[in-house]
Protein chains: 4
Amino acid sequence: MTKRKRPPQRRGEAMVGAVLQVTLVQLGVVGFERLSVPEVAALAGVNKTSVYRRWPTKGELVREALASVLGEPPDFVATGELRADLLAWGRGALAFAGSPVGQAVFRALLSADDPDLRPLASELTRTTKGPMGLLTRAVRRGELRPGANLELALSTIAGALLQRLHVEHRPADLAYLTQVVDLVLDGLRR
Amino acid sequence: MTKRKRPPQRRGEAMVGAVLQVTLVQLGVVGFERLSVPEVAALAGVNKTSVYRRWPTKGELVREALASVLGEPPDFVATGELRADLLAWGRGALAFAGSPVGQAVFRALLSADDPDLRPLASELTRTTKGPMGLLTRAVRRGELRPGANLELALSTIAGALLQRLHVEHRPADLAYLTQVVDLVLDGLRR
Amino acid sequence: MTKRKRPPQRRGEAMVGAVLQVTLVQLGVVGFERLSVPEVAALAGVNKTSVYRRWPTKGELVREALASVLGEPPDFVATGELRADLLAWGRGALAFAGSPVGQAVFRALLSADDPDLRPLASELTRTTKGPMGLLTRAVRRGELRPGANLELALSTIAGALLQRLHVEHRPADLAYLTQVVDLVLDGLRR
Amino acid sequence: MTKRKRPPQRRGEAMVGAVLQVTLVQLGVVGFERLSVPEVAALAGVNKTSVYRRWPTKGELVREALASVLGEPPDFVATGELRADLLAWGRGALAFAGSPVGQAVFRALLSADDPDLRPLASELTRTTKGPMGLLTRAVRRGELRPGANLELALSTIAGALLQRLHVEHRPADLAYLTQVVDLVLDGLRR
DNA sequence: CCATAATCGAGACGGTACGTCACGTCTTGAG
DNA sequence: CTCAAGACGTGACGTACCGTCTCGATTATGG
């Protein structure tokens with residue numbers, strides 16, 4: 001008769017992974033402010049003391065959880081066709097923004113007062129500038145207007161999606177993305 | 001020797017005004033989640049019981065405070081010159097977004113879970129569509145492309161400002177606004 | 001249908017009385033070290049926050065509880081008959097030491113490290129010297145030896161009872177008390 | 001360059017001795033309740049796991065520590081002179097009660113709830129009756145009153161010292177001891 | 001002008017969640 | 001096989017707010 005008194009402890013990497021994953025989910029569900037460290041611990045099947053040992057602050061826990069995701073920029077292959085490449089990148093961004101993890105990132109960073117999260121905001125901004133190379137090459141090819149503010153164009157695309165999703169709270173599908181990209185591309189072209 | 005034991009009570013309208021004003025300020029400073037009803041009462045020089053009597057819920061208090069502001073849409077005069085009018089409207093929007101009250105609105109609504117605040121989100125969205133008439137008239141004049149998605153254009157402008165202010169956390173001045181408007185207008189024109 | 005949602009709050013004096021009484025009982029049952037403020041609150045039917053508000057420290061709570069008892073020295077009437085009076089006083093002391101409250105006092109004070117309880121120890125010691133007047137008058141009457149250390153005699157009686165009860169853990173009845181008193185009185189007489 | 005990474009392990013008897021010694025010291029310093037097994041281990045330069053292996057319970061650890069001391073009753077030589085022998089025994093008792101180990105014993109046993117310590121209480125009581133033989137011989141010699149309760153007399157002496165030291169918290173020197181012994185002896189004599 | 005009701009201030013209280021602490025158990029690896 | 005080192009689960013603790021309740025004081029209102 002085997003006495004299995006309690007589930008075996010998950011240590012080290014196993015525990016860290018479970019906690020960070022649950023943290024991301026909770027970030028997407030209730031947001032940063034309402035995220036509770038004890039609740040994260042409970043959902044992860046871990047004692048809250050163990051969580052506090054590794055991440056003394058909620059900010060540190062969230063920062064590590066988000067960093068484990070933002071570290072992998074959604075690379076995309078450039079075919080050379082400007083509009084198609086921009087749409088491909090946009091699809092990736094939309095998929096990210098719609099995923100639970102993306103929800104977490106935006107809900108946490110949109111008006112981040114916690115100092116621990118500040119560096120992540122610039123990280124996210126940097127991701128926004130991903131397809132910058134596409135545009136500069138298009139300018140060199142003469143496909144876009146020479147003096148255009150490319151950085152602003154990308155910000156505008158991202159902002160349009162942001163407005164749609166988190167202010168108007170309406171879904172952003174591929175058609176919507178296409179319209180935005182076309183609008184901005186037309187503005188850039190000449 | 002006059003003994004002024006304590007400040008005279010403020011009742012009725014006077015108290016309501018003081019509380020709502022403090023609520024708006026606090027919304028801009030700490031946001032909706034961290035807003036504390038007892039703290040609002042203290043800052044307003046009012047007993048917390050009085051606040052709870054009138055607004056049983058934090059959501060109701062904030063809703064009434066925001067409603068007292070969003071009720072006044074920032075009207076603007078249309079000169080007939082499309083670009084100038086759009087810029088004028090944008091200046092108003094920027095001024096609002098930069099004011100403490102605007103900070104309050106955006107911080108409260110950007111990811112609003114509180115059911116009491118949902119109606120306010122659509123209110124804000126409606127404001128965004130303010131200059132819709134300008135664009136439709138411009139289309140009729142042949143100044144803009146006939147099939148253009150005008151609503152999306154306005155959302156894009158608003159989104160660009162939002163991205164600039166609340167994601168990249170960089171200031172949005174008149175020059176920035178002009179660039180955004182020109183980019184979108186160029187996209188709409190041909 | 002009367003809705004009695006929860007038991008009505010006990011305020012002020014009522015709550016203080018209930019808490020102090022439970023504190024005394026618990027002192028007698030588990031002693032000072034193992035006494036738990038939250039448990040006292042629960043047994044008193046009071047929220048633990050309320051207890052911590054009035055008595056920030058366990059020591060203060062216990063001190064006030066004990067002070068409310070030690071404040072009433074068990075007066076006894078002096079008949080003039082030395083032995084009978086001493087026995088009467090001893091009976092009172094035994095009754096006190098055997099009562100739950102007395103248990104509380106001794107268990108709390110016997111090895112009191114808590115600085116809050118130090119003054120109570122001297123209070124208890126003072127009580128021990130209660131029948132000092134009896135002895136001095138007996139000396140003046142020539143009933144006791146002139147140079148006798150009366151204070152030491154009383155300490156000895158008290159100590160004998162203490163040893164019996166709290167070291168040997170055997171009951172101390174009236175017969176035992178009588179033997180002790182007689183032993184000491186015989187020592188004092190000649 | 002010799003790398004002495006850490007102190008060499010102490011095993012078996014060496015470790016046991018170190019732990020028990022530290023346990024006695026801590027008993028005298030902080031008492032039984034506040035004695036912490038991990039702290040004892042740390043002070044003994046031993047890992048707490050090792051302590052828990054041998055003594056699963058704090059009570060068992062303390063019992064073994066105290067037993068290693070109480071096993072050696074403080075023998076004294078009887079000269080035949082009753083008062084002198086009694087004083088000699090009392091000096092030993094005082095020395096014991098004043099030593100750190102004695103402090104430990106009394107603080108641990110005075111109101112011992114831990115069931116592991118109960119047998120030690122009777123052990124201590126038995127020690128109190130050490131000089132019983134002296135008194136019975138004195139009775140046979142006619143030096144003391146025949147019907148006297150000798151056991152009670154010894155308890156009374158011990159109790160007087162106990163009262164002095166642990167209730168009144170005043171020092172007990174040789175003069176005090178002498179007075180107590182004389183008081184009781186006078187009571188016993190006739 | 002005064003009496004009476006509505007409103008407000010002041011503070012005690014119950015309740016919930018939190019982060020900390022010390023303890024004892026367990027796992028792993030070194031001696 | 002024994003011990004050291006450290007991670008982990010467990011329970012209790014004291015604190016910080018929050019929202020409710022009670023009571024007394026103040027203000028407005030109608031006779």
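Naming convention: chains lettered A, B, ... in sequence-line order (proteins, then strands); numbering from 1 in each chain. The basis for the numbers below is simple: all heavy atoms, side chains too, and nothing from hydrogens, waters or symmetry mates. Quick caveat: nothing in here was measured; it's all calculated off a predicted structure.
Between Glu33(C) atom CD and dC13(F) atom P the separation is 13 Å, expressed in whole Å. Straight-line distance from the CD atom of Glu39(B) to the C1' atom of dA16(F): 13 Å, rounded to whole Å. Taking atom CZ on Arg34(A) and atom P on dC18(E), their separation rounds to 12 Å, with Å as the unit. Put simply, CD on Glu13(A) is 15 Å from P on dT28(E), counting in whole angstrom units. As rounded to whole Å, 15 Å separates atom P of dC17(F) from atom CG of Leu35(B).
A heavy-atom distance below 4.0 Å to DNA chain F is reached by these residues of residues 49-58 of chain B, ordered by number: Thr49(B), Tyr52(B).
The side chain of Asn47(D) lies closest to dA4(F), out of dG9(F), dC23(E), dA4(F). Nearest nucleotide to the side chain of Lys48(B), out of dG19(F), dC18(E), dC23(E): dG19(F). Checking dT25(E), dC8(F), dC13(F) against the side-chain heavy atoms of Met15(A) singles out dC8(F) as nearest.
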Q) Where do Leu43(A) and Gln26(A) land on the side-chain contact (heavy atoms from CB on, under 4.5 Å) test, with the steps shown first? A) CA-CA 9 Å; Leu43(A) 290 176; Gln26(A) 285 301 99; 3.6 Å; yes

Q: Determine, stepwise, if the pair Val16(C) / Trp55(C) fulfils side-chain contact (heavy atoms from CB on, under 4.5 Å).
A: CA-CA 10 Å; Val16(C) 170; Trp55(C) 305 277; 4.1 Å; yes

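Of the residues Asp116(C), Thr57(C), Thr23(C), the one that meets the side chain to side chain contact (heavy atoms under 4.5 Å, CB included) test with Arg63(C) is Asp116(C).
With contacts defined as side-chain heavy-atom distances shorter than 4.5 Å, the pair Leu66(A)/Leu27(A) qualifies. For the pair Arg54(C)/Met15(C), a side-chain contact is recorded, criterion being any heavy-atom separation below 4.5 Å from C-beta on.
Counting all heavy atoms, side chain and backbone alike, Val22(C) lies closest to Val40(C) at CG1-O, 3.7 Å.
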